[in-house]
Every structure is written in structure tokens, then in C-alpha cells.
Amino acid sequence: MTRIVHVSDSYLPGLGGIETQIAYLAQHQAAAGHEVQIVTTTPGSPGARGVSSAVEDGLLVHRIAARIPGGYPVHPRAGRHVATVLREIRPEVVHLHMGILAPTAQVTFRVVRRLRLPAVVTVHSVWTPMERSLRNLDRLVRWSRFPVEIATVSEMAAAPLRRVAGERAPVHVLRNGVDVGEWLGAPLPREREGVHAVYAARFAPRKRVLPLLEALRQTRELLGERAGELYVTIAGEGEELGKARAFLEANEMTGWVSLPGRLSREQLKELYRRADVYLAPGVLDAFSVASQEAQAAGLAIVSRSQSGAAELVTEGVEGLLADDDEAFAAQLARLVREPELLERIVTRNRTVPPLTAWDAVVAAHDEVYALAEQRYAP
């Protein structure tokens, strides 16, 4: 049993990928016998402030909240409060979680070094655009020599850190997890005949919904007389939803592409049980939890090869890969034209759990935690 504290600027009740993954990881670690607590600067409710501790979903959560314009989960004196909490808990491992902006996790670096606590930091986003800044920062503060274990959620996300750190610091890959039992279920009756492809994402530029719609239009053209065998559902909401609806109207795609808006987790599970293919058009995703959930549900994956999601897809096994959007359109058309291939992939995904099942993910974290503890072994 290990006493673990996760420190993250972002946490529940936020609904982003980092927030939910930290919660799931902590819950599964607790179920595996570890003592797990959370420290976060995310308020427990809108407008809440102050330092508090409460058991939430079986975990002790310490909140250090301030009323910041815009509602950002930051606190001007987070370092002092985090240090107080860590002194009281005296964890065996501190696990820091970082996205693009994570001032609390950053200041906790100094705290864990001062307290000589074993630490792991996971980078949850892609820092390739920041590689020059990372290199300059390493020259200035020598972060690659910090006594912490550095991890990312994919090989893609690890690449820029490895190029900067070189041999000075190993960069581990600790992938996000998925609960296979939650997503895998018996297929439900279809609303219509044909191949049903789905995508779930925020309608924001990084999620590439509009390029996906153009690829779908091309897929329809490639299918020719068999075009009617494909229909698509794209779930989600966001700033580009209006543009997406306008694109469907302008290209006469409303009859076979549906935009139902944001769906609950239960509604997503039902959608996947009525589908065959999951579409992953992103190229900047460090890791796609949604793709892993869809694979766990038994769907064939069509992914851009540049994404972190592609690292867990072997061509023709878990799904198909595409180097660009034209190839993406062609790969989706291939699954419509080759029902035997689609059936083989779906059968495989329904019977072989993904590598990111939670038991494997928790075990991988345990290995890196042990390395962090060795740094401070007497």
C-alpha cells in the first residue's frame, strides 16, 4: 500500500479529460489498496473559496479555492497551502498533473523538493509547440535534472520532452485508463440499415469537426452507389456547432449526418452500442480517452496517424490509420465496402480488452512510483 497525493489545478466538478482521468485513476488506485488523496485549486462549487477538506466519491479531497476573474482554478498563495497539506499527510509519492497552464502543479515542484518528497509529474497535453521554450527553460532552471519522474500520456506527447531532456531524464508513458466493463455491452437495435460511424467531441478547432465533415463528404463520393450504406452521428457542442450545421445544410448532408448535441455518459454508451465505427480525426490529441472508450465498446477505430490515439491502433487489427484527411475518407469508405474487414475488427475489439484497461494502468503507475521512491531511499 502506498500513500499517494495527486496535485492538480484541474479536478472535478470540472468535466475535462484531465479532471475525470485523475478522479478515475485515484479511485482505481484506492480500490487496489493504496491510500489516495487529492489536492486541487478547483472550487467545489461556482464561487466557492477558502481551504477545505471533504470526502468525495470515497476520496479525501483538499480544495484550495480563490475567487478569480473568469473562474480559473488558480490560487495566489497555492504553494503555501499545498506545503501545509503535504506536511500533514507526508505522502510516500506526490503525483503532479500538468496541462498547458498549471501554476499550482508548477509551484508544487518547489514544495516537494524542499520537503524531499518522491514525486512524479504527468504532462497531459502536447508541448511540441513549446519545445523551444522548454529548451530555454531547461538552460535556465535545469528542469530535466529535477529529482522527479517525468511522464506523459502518450509517446507523441513524450517526444518533445525527450528531445530536450536527452539522457538526463527518462520520460515515461503513463496512459489514461478505461473501464472496459462500463463500455462493453450487447449491441442494440439499429435505427436504419448500414454502417453507423460516430464521433464525440467538443465542437472546437482542435477537435477538427469541420475537417471531418469535409472528409465525410468525400467518403460519400467515394462510395458512389453504396453511399446510402453509411450514416454518421457526431455528438457534442461548442463554438463550431453552428458552422457544422451550416456545412451540413450547404452540402445536403443532413439526411445521413446527425448532430444531436452533447450527450450524457449513459447516452454515449447507448450510441456506441448502436454503432460500428468510431472516428478520430484529431492530430494534436496527446491521448484520446474517447477513442479508448469506443474501442472498449467494440467499435472499429479510424484515426489520423499523427494523433496519440493512433499509438494504440494497429492497422487492420483495432482499426485503420490515415496520414491525411483524404486517406481518412478512403479508410472509412473501405470499412463500408469490406464488411468482412469491419466485422473482424469489431469482433477483435469486443473480445480483446485495450491495453489501457485500468488494472494495467494502475500497475504501470506503481512501477513509476517505485522509481520516484528510490530517489529518496536511505
Side-chain angles (χ1 to χ4, degrees), residues 2 4 6-8 10-11 16-32 34 36 93 95-100 102 105 119-128 148-162 165 169-184 200-201 278 280 282-299 301 303-315 317-319 321 348-349 352-372:
T2 302
I4 305 164
H6 292 279
V7 179
S8 175
S10 302
Y11 189 66
I18 294 178
E19 294 91 330
T20 54
Q21 275 296 309
I22 294 172
Y24 290 143
L25 171 60
Q27 289 164 7
H28 282 86
Q29 288 175 327
H34 298 302
V36 189
V93 173
H95 192 157
L96 313 175
H97 299 270
M98 299 183 68
I100 295 295
V120 175
V121 56
T122 293
V123 175
H124 290 262
S125 53
V126 179
W127 285 5
T128 300
V148 299
E149 296 297 327
I150 302 171
T152 64
V153 295
S154 66
E155 297 291 340
M156 171 195 178
L161 296 174
R162 286 172 174 162
V171 179
H172 310 281
V173 173
L174 292 175
R175 301 189 189 277
N176 293 324
V178 62
D179 189 336
V180 177
E182 179 183 7
W183 291 93
L184 184 61
Y278 185 82
V283 295
L284 294 176
D285 292 328
F287 184 94
S288 175
V289 173
S291 292
Q292 284 297 285
E293 290 170 344
Q295 183 180 330
L299 304 189
I301 310 298
S303 173
R304 282 289 299 265
S305 59
Q306 299 88 348
S307 169
E311 295 174 15
L312 298 172
V313 176
T314 302
E315 176 73 15
V317 180
E318 294 89 2
L321 300 172
R348 197 268 182 194
N349 287 347
V352 179
L355 297 175
T356 51
W358 272 116
D359 55 351
V361 170
V362 169
H365 279 75
D366 287 346
E367 292 177 5
V368 177
Y369 291 169
L371 293 175

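- The shortest side-chain heavy-atom distance between Arg175 and Glu311 falls under the 4.5 Å cut-off.
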Stepwise side-chain contact (heavy atoms from CB on, under 4.5 Å) test for His365 and His172: CA-CA 10 Å; His365 279 75; His172 310 281; over 6 Å; no
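- Atom OG1 in Thr128 sits 8.5 Å away from atom CG in Leu284 (nearest 0.5 Å).
- Shown here is Leu184, whose CG atom has more than 12 heavy atoms of other residues, nucleotides or ligands within 6.0 Å.
- The aromatic rings of His28 and Trp358 sit parallel, their planes meeting at an angle under 30°, below the 60° perpendicular limit.
- Across every non-hydrogen atom of Val173 and Ala158, the tightest pair is CG2-CB, 4.4 Å.
- Taking the side chain as every heavy atom from C-beta outward, Val171 and Thr152 approach each other to under 4.5 Å.
- Distance alone, capped at 3.5 Å, places no donor-acceptor pair between the His124 side chain and the Gly99 backbone.
- Closest non-hydrogen pair, Met156 versus Ser307, comes out as SD-C, 3.8 Å.
- The two atoms that bring Glu149 and Pro170 nearest to each other are OE1-CG, 4.3 Å, heavy atoms only.
- Note that the CD atom of Glu318 and the OG atom of Ser303 stand 11.5 Å from one another [nearest 0.5 Å].
- Within the model, atoms CG of Leu174 and CD1 of Ile150 stand 12.0 Å from one another, a figure rounded to the nearest 0.5 Å.
- Ser8 places no side-chain N or O within 3.5 Å of a backbone atom of Tyr11 that could act as its donor or acceptor partner.
- Of the inter-residue distances, the one linking Ile22 atom CD1 with Ser10 atom OG reads 7.0 Å to the nearest 0.5 angstrom.
- When all heavy atoms are compared, the tightest approach of Ser305 to Leu321 is CB-CB, 4.4 Å.
- Tyr278 contributes a side-chain N or O that, together with a main-chain N or O of Ala200, makes up a donor-acceptor pair within less than 3.5 Å.
- Between the OG1 atom of Thr2 and the OH atom of Tyr369 there is a distance of 9.0 Å, given to the nearest 0.5 Å.
- Between Thr122 and Val153, some side-chain heavy-atom pair lies under the 4.5 Å cut-off.
- The side-chain heavy atoms of Asn176 and Gln292, taken from C-beta on, include no pair separated by under 4.5 Å.
- Contact check for Gln295 versus Val178: no side-chain heavy atoms found under the 4.5 Å cut-off.
- The shortest side-chain heavy-atom distance between Gln21 and His97 does not fall under the 4.5 Å cut-off.
- Heavy atoms only, all atoms of each residue included: Ala310 and Arg304 are closest at CB-O, 3.4 Å.
- Side-chain contact annotation: His6 with Gln29, donor-acceptor N/O pair under 3.5 Å present.
- Heavy-atom minimum distance, Val180 versus Ala296: CA-CB, 4.2 Å.
- Residues Tyr24 and Asp179 are not in side-chain contact: their nearest non-hydrogen atoms beyond the backbone lie 4.5 Å or more apart.
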